[in-house]
Amino acid sequence: MNTFRKASVAKSVMFVVDYADARRAYLWVDNPGKASDPRAVGIIARAQQEQGTLPGGDIASIRRVR
């Protein structure tokens with residue numbers, strides 16, 4: 001009988017996007033593998049800005065929340 005459970009793998013990772021004009025937005029990345037690469041997250045953020053799912057503007061920083 002095994003009483004220990006394996007930790008489940010995160011299905012998405014949440015980031016907070018801070019803009020140069022003090023606005024803030026949230027970004028979810030569905031692929032945890034890509035979420036570990038800051039450059040890939042920046043590319044995803046810019047792509048979502050082009051699609052209109054993330055507000056436009058100059059991004060000051062992107063930080064992982066959970």
Side-chain angles (χ1 to χ4, degrees):
M1 180 179 208
N2 189 359
T3 58
F4 297 102
R5 293 184 185 194
K6 290 184 178 181
S8 62
V9 177
K11 294 181 178 142
S12 65
V13 180
M14 186 173 144
F15 292 88
V16 63
V17 180
D18 292 320
Y19 291 91
D21 59 357
R23 291 182 296 154
R24 181 173 281 173
Y26 293 94
L27 167 71
W28 284 267
V29 177
D30 292 331
N31 186 347
K34 287 186 179 181
S36 63
D37 181 17
R39 189 168 161 239
V41 174
I43 292 169
I44 292 169
R46 284 187 216 93
Q48 286 195 8
Q49 279 184 321
E50 290 175 3
Q51 294 173 356
T53 56
L54 196 64
D58 294 329
I59 296 175
S61 68
I62 302 174
R63 292 177 289 131
R64 184 176 176 157
V65 177
R66 70 164 181 93

(request) With the side chain counted from C-beta on, respond yes when Ile59 and Gln49 share a heavy-atom pair under 4.5 Å apart, and no when they do not. (result)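 SC-SC contact between Ile59 and Gln49 confirmed.
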
(request) Looking only at non-hydrogen atoms, find the nearest pair between Gly42 and Ile62 and report the distance. (result) CA-CD1, 4.0 Å

(message) How close do Ala25 and Tyr19 get, counting heavy atoms only, and between which atoms?
(response)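 Reported closest heavy-atom pair: CB-CE1, 3.9 Å.
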
(request) Please list, chain by chain and in numerical order, all residues satisfying side chain to side chain contact (heavy atoms under 4.5 Å, CB included) with Ser36, sequence neighbours excluded. (result)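 Once residues adjacent in sequence are excluded, Ser36 has no partner under the side chain to side chain contact (heavy atoms under 4.5 Å, CB included) criterion.
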
(request) Sequence neighbours left out, what passes side chain to side chain contact (heavy atoms under 4.5 Å, CB included) with Val29? Give chain and number order. (result)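 Counting only residues at least two positions away or on another chain, Val29 forms a side chain to side chain contact (heavy atoms under 4.5 Å, CB included) with Phe15, Leu27, Ala35, Ile44.
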
(request) Could you work out the complete set of other residues in the hydrophobic cluster of Tyr26, with links drawn between I, L, V, M, F, W and Y side chains under 4.5 Å apart? (result)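 The other cluster members (ILVMFWY side chains, heavy atoms under 4.5 Å, direct or chained) are Met14, Val16, Trp28, Val65.
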
(request) May I have all residue pairs that pass salt bridge (charged side-chain N to carboxylate O under 4.0 Å, His left out) and include part of residues 45-58, sequence neighbours excluded? (result)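 Those involving residues 45-58 do not exist here.
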
(request) Keeping to residues at least two apart or across chains, list the salt bridge (charged side-chain N to carboxylate O under 4.0 Å, His left out) pairs with something in residues 17-29. (result) Asp18-Arg24, Asp18-Arg63, Asp21-Arg23

